[in-house]
Undergrad: 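Here you go, one structure.
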Amino acid sequence: MTAPSAPRFRLVPMRPRDPGEPGRTASNLELFFDLVFVVAVSTASVQLHHQLTEAHVLNGVLVYAVVFFGIWWAWVNFTWFATSFDTGDWLYRLITFVQMGGVLILASGIEAAFEEHDFSVIVLGYVLMRLAVVAQWLRAARPPGSTRRVAVTYAAGVTVVQALWLAGLVLPAAALPFTLIVLIAAELAVPVVAERRGGTRWHPHHLAERHGLFTLIVLGESLLASANAIIEALHEADSLGPLIAIAALTLTVTAALWWIYFWIPHRAATDGLGRALTYGYGHYFVFAAAGALSAGIEVEIDVITGRSELHPPGASFAYTVPIAVFILGVWLLAIRPEANRIVNVVVPAGAAFVLIDPLFPVPVALATVFLAVVVVVLVWQEPKTDQGKRRARDSSPLR
């Protein structure tokens, strides 16, 4: 009996993975990929902080929104492709490393985008990442099957849009806002068109886990950046009291946002094409808000140390807006369809109270109170089935 021959060039045929595959979890490569992307998220947050501190609020927010779109869209497209076609062989890994190189190039151009509205380096890094995805889709189109048509549509659509991004670099600066709107809309339209021509098969648990892991990493990055800013400010502040309050706020906020995000499993949020697209697209606001949180905390620290051109209460909106956007985003995407009436009143109300918190005399203290109330209600209203599953999971010797 002859032994089975090794795959040609040691490559695994890129066929759709089973959406019901048991035990599907994030790979080491996916985790590495996320960490590299956080370099760009951190750089964008730093530049947003500088813009807000200098009172360039509108410019800072708009540029941050555009830059973060490039970061998020490259990440989410890799993630959705991986959940359907990840082979883990050497070519798949190599193309993924090319995408990582693209995000580092993108990160190097973020400062110029904020300071000079020069997006050329960002576009080059972004296009490199997206063309790497085209190579993956072309590989997925090779094996015969029902996904060939959708893979070819993805490859063609992404390629055309990338050509338009490069063409946009030679347009006059006055055309930049209109160009960005058109090209972003074109990017968002490609999956909608492609999926309706056949559809890919995603793994609900894996997809929810990937979004949750990236949320954890971005929240952790915000906590780290905020902690570093607080430590640095210890040498400049006249009193430790305000810094201690900011430190307590930072820890309370990140813990509460973690609690809210993971209160209920997100697997059901990806049932059906419509809900899956809403879930994926909606995470732009969740991720962007988590990334902007540290910028808002650092603005508040600059107010304490006298380095900010923004003044209370307006400066406090720099951190309350990201908190509110994060909570509302998670509520709309995952909590609202599954929660009872009490939760569906308290969570958005908590986000609203946090948002207007700067209008009250003691904003920092009240923000922590509002978030604590939301968490207490979630604990009180946690579905019993989820309590049992969590106890079983936490008692597992594998954790």
Side-chain angles (χ1 to χ4, degrees), residues 33-76 100 103-119 121-122 125-126 211 213-233 246-247 249-251 253-255 257-258 261 283-305 307-310 315-327 329:
F33 185 84
D34 290 355
L35 291 175
V36 173
F37 264 68
V38 170
V39 174
V41 174
S42 177
T43 305
S45 178
V46 168
Q47 293 303 317
L48 175 62
H49 161 229
H50 292 163
Q51 293 289 311
L52 295 178
T53 295
E54 296 168 4
H56 301 152
V57 177
L58 184 60
N59 179 73
V61 171
L62 290 178
V63 176
Y64 177 80
V66 172
V67 169
F68 203 93
F69 171 82
I71 299 169
W72 160 78
W73 192 239
W75 180 89
V76 79
M100 294 181 189
V103 77
L104 295 177
I105 295 173
L106 184 151
S108 69
I110 289 177
E111 183 176 0
F114 275 91
E115 298 292 338
E116 307 166 16
H117 291 173
D118 180 3
F119 289 85
V121 176
I122 286 181
Y126 175 79
H211 284 77
L213 287 172
F214 197 67
T215 301
L216 280 176
I217 291 174
V218 177
L219 281 176
E221 185 279 327
S222 276
L223 181 61
L224 175 62
S226 300
N228 287 336
I230 293 169
I231 293 171
E232 183 179 345
I246 290 294
L249 169 73
T250 303
L251 180 58
V253 165
T254 51
L257 296 186
W258 171 86
Y261 188 93
H283 263 79
Y284 166 79
F285 300 98
V286 175
F287 293 158
L293 176 60
S294 63
I297 296 294
E298 291 178 76
V299 168
E300 194 70 10
I301 294 171
D302 288 342
V303 170
I304 295 172
T305 57
R307 294 182 297 178
S308 176
E309 295 184 24
L310 282 178
S316 297
F317 283 108
Y319 70 82
T320 63
V321 170
I323 295 172
V325 170
F326 184 98
I327 295 173

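Values in this document were obtained by computation on a predicted structure and should not be read as measured data.
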Undergrad: Using 0.5 Å steps for rounding, measure from the CD1 atom of I301 to the CD1 atom of I230.
TA: 4.5 Å
Undergrad: Scan residues 286-297 for pairs that pass side chain to side chain donor-acceptor pair (under 3.5 Å), counting only residues two or more places apart or in two chains.
TA: S45-S294
Undergrad: Between CG of L52 and CG of D302, what distance do you get to the nearest 0.5 Å?
TA: 10.0 Å
Undergrad: Could you pull out the closest heavy-atom pair between R307 and T53, with the gap in Å?
TA: O-CG2, 3.3 Å
Undergrad: Closest heavy-atom contact between A113 and I122?
TA: CB-CD1, 3.6 Å
Undergrad: So does F285 have more than 12 non-hydrogen atoms from other groups sitting under 6.0 Å from CZ?
TA: no
Undergrad: For Y261, what residues pass the ring-ring contact (aromatic ring centres under 6.0 Å, His included) criterion, not counting sequence neighbours?
TA: H266, H283
Undergrad: Please collect all side chain to side chain donor-acceptor pair (under 3.5 Å) contacts where either partner lies in residues 58-75, sequence neighbours excluded, each pair once.
TA: D34-W75, Q51-N59, N59-H117, W73-E187
Undergrad: Could you state the interatomic distance from CG (L224) to CG (L219), rounded to the nearest 0.5 Å?
TA: 12.5 Å
Undergrad: Less than 6.0 Å separating the ring centroids of F287 and F214?
TA: yes
Undergrad: Output the distance between atom OG (S222) and atom CD1 (I297), rounded to the nearest 0.5 Å.
TA: 8.5 Å
Undergrad: Out of V41, V46, V67, V121, which one pairs with I110 under the side-chain contact (heavy atoms from CB on, under 4.5 Å) rule?
TA: V67
Undergrad: Apply the test side chain to side chain contact (heavy atoms under 4.5 Å, CB included) to residues V103 and V39: give CA-CA distance (whole Å), side-chain angles for both, the deciding distance (0.1 Å), then the verdict.
TA: CA-CA 8 Å; V103 77; V39 174; over 6 Å; no
